[in-house]
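Some notes on the structure that comes next.
Within every chain, numbering begins at 1; the chains are lettered A, B, ... in the order of the sequence lines, protein sequences first and strands thereafter.
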Amino acid sequence: MALGRANLRRRLVIEQSTLASTGAIAFVTPAAARSPAVVLRGLTKSFPRQRGWRAMFSGKARESVRALTDVSCEVRAGEFFGLLGENGAGKTTLFKILATLVTPDAGSAVVGGHDVLKAPSRVRELLAPVIADERSLHWRLSGRENMRLFAALHGLRGAQATRRIEELLALVNLVDAADRLVSGYSSGMKQRLLVARTLLARPSVLLLDEPTRSLDPISARSFRQFLRQDVALAQGCTVLLATHNAEEAFELCDRVGVLHRGRLVATGATPELAREVGEDRFAIWIRPADQAAIDTLAARGVMREVKVAEADADGWSRVECDLRGGLDGAAEAIAFLSLRGVSVARSEPVKLSLADLLERVLARHTDA
Amino acid sequence: MHKAWALVRSNWLAATSYKLSFLFSFGSLILSVVPIFFISGALQKTMADVIKGQGDQYFAFLVLGLIALNVVSAAVSALPSGLQTATSTGTLEALLATPTSIASLLAGLSGYEVLLSLLRGLVMLVAAGLLGAHVAWPRIGASIPIVVLVVLAHLPIAIVAAAMVLAFRTRGPLPQLVMLASTFLGGVYYPTTVIPGWIESISAFLPLTYGLKALRAVLLEGRSLTAVWRDVSILIGFTVVTLAASAVAFRAALGYARRVGNLAQY
């Protein structure tokens, strides 16, 4: 464990040097040294703030709100990269810059070797944003006609276009519904059609902005499997995924970056990041909920951030806490509780919510 | 061209997915010719002297004026309204993210409405012909370049309005001003020669004035294209100058929208 931590710290130092300008915490360097598909260097963007009537006529300079500050990062070819952050963190702005829909104020964004400002049309040939907003489909056209339109816009014609459309409709399992108007599709079908539409031109980089936000949990899970297996692996795309959902990021992504108020505060390989910030969080079921014992453990520094739930009908209470030293700490806590005559039924690591993850990453960022 | 046509086709498919509405729009168009026939018949004696040299029948004069006005209305409003619709329905962002040139996108977003207005014009002209309008049918082919020029001459106004939509989410006053002036001073209901005083000089700055004069000369008087070269030249000059200026305005608006981030917001 200690050795693992030392390694992580060493790797942290290595990647921090590459991200020095951002001050972002990097947890590990990726193992594979593939060529970068997306390179961001000092990307900065502000938007003018909406003015009231009085300010509009007062002649005052328009205030602006910073959306991205000095974001630097590399995403390697074939990588599934998650972008985590709360609302307004800058994820969508970053995607819009990459999709050439918004111009940055400073810094550069390069996709497949092409700068988004200098060669936007080349970037649009390589990169495709999956605009998860269902409204971006033509609802009064059938699924097939939506595909036909975008095939034409991507320069596909005739038999080549027809073949690609049928291939993708089959991939997203929409062949039977292809001639129905999109207005009659379910949310899941629309999401799959959006992805199929985006894959028409065989993009090498895909941008997915909260692709499962309007899906129920079961559809979301099957959609995530589809993204991982049929899109990222089968099509060989580099995927950038913006999400509010930490579980989604951990399930899908090779690496994640955490954006906070426009700053990239951490990047790292997903399992390591999850372990680094979440490995100490445990849930323990005890009976009775001996508050004095818990207080003692807290005073000794074994337990932190303790939350004791009300006992259930059988008298078992769920205690959620950070345990110093992870599993070692759990063993110490269990032994102590047992000595005090407290029964311990179960102890297991707790999966972090996005809020918890952000809180922890930010705490580390502040410490760093 | 292929990309613009794909957009036009998709707009056609979307419009015809509302089948009854589409059919009714053509039915009401044909019916609208009937009151024009009776009113213009009642005004024939009054207007006969005034419209000399632009066809001798006020019914045909008026129908052609209204058809041209409808085409101009589509040419001026199709692009900004297409852009507004694409913004509010959320399709604009997806379209802009494809490797499609801005010119193709603009042509595609406005093409269907303009082509539909031409088709509606043809239907209206045939209906008027059936009611006895004196139209030089063999000259239909010669009228096509004039109609195209009328559309092109009004395109810069549409492009400026589209630029306003892109940057500020409003078409601005220009399309309304042009339509208002064209309706009353462009020679739709009466020749511009009867407009009194200094107001008549405004009609000299309206492309519709020259377009309608040329169209009536060809379709109602049966003259050739060479006979209306002066009006056609003015339309070409107007198109070249204003199109270049509007392209600059649109490029500036696009850059502004990309800078402030409202390209696909509604």
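Counting heavy atoms from C-beta on, the side chains of L153(A) and L7(B) come closer than 4.5 Å. Contact annotation: the side chain of W139(A) never approaches that of T89(B) to less than 4.5 Å [non-hydrogen atoms, C-beta and beyond]. You'll find the side chain of P99(B) reaches within 4.5 Å of the side chain of H154(A), heavy atoms only. Side-chain contact check for T98(B) versus R124(A): every heavy-atom pair is 4.5 Å or farther apart.
Summarising the local packing, CZ of F22(B) is surrounded by more than 12 heavy atoms from other residues, nucleotides or ligands at distances under 6.0 Å. In E166(A), the CD atom is crowded: over 12 heavy atoms of neighbouring residues, nucleotides or ligands sit closer than 6.0 Å. The environment of F26(B) atom CZ is dense: over 12 non-hydrogen atoms of other residues, nucleotides or ligands sit within 6.0 angstrom. At most 12 heavy atoms of other shown residues, nucleotides or ligands fall within 6.0 angstrom of atom CZ in R157(A).
To the nearest 0.5 Å, the span separating OG on S10(B) from CG on L141(A) amounts to 5.5 Å. Separation of atoms NE2 (H138(A)) and CG (N11(B)) is listed at 6.5 Å; rounding is to 0.5 Å. Between T100(A) atom OG1 and L96(B) atom CG the span is 8.0 Å, to the nearest 0.5 Å. The OG atom of S136(A) sits 9.0 Å away from the CG atom of L95(B) when rounded to the nearest 0.5 Å.
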Given T103(A) and R258(B), is the side-chain contact (heavy atoms from CB on, under 4.5 Å) satisfied, shown in steps?
CA-CA 6 Å; T103(A) 49; R258(B) 283 199 164 115; 4.0 Å; yes
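Side chains of S17(B) and R140(A): a donor-acceptor N/O pair is present below 3.5 angstrom, by distance only.
Heavy-atom distances place no part of L126(A) under 4.5 Å from chain B, backbone and side chain included. For chain B, the nearby part of L137(A) is the backbone; its heavy atoms alone come within less than 4.5 Å. At a 4.5 Å heavy-atom cutoff, the contact between R148(A) and chain B is made by side-chain atoms alone.
Here the shortest heavy-atom pairing between L149(A) and A6(B) reads CD1-O, 3.5 Å. Minimum heavy-atom separation, A94(B) to R197(A): CB-NH2, 3.2 Å.
Looking only at distances, a side-chain donor or acceptor of K45(A) sits under 3.5 Å from a matching main-chain atom of R259(B).
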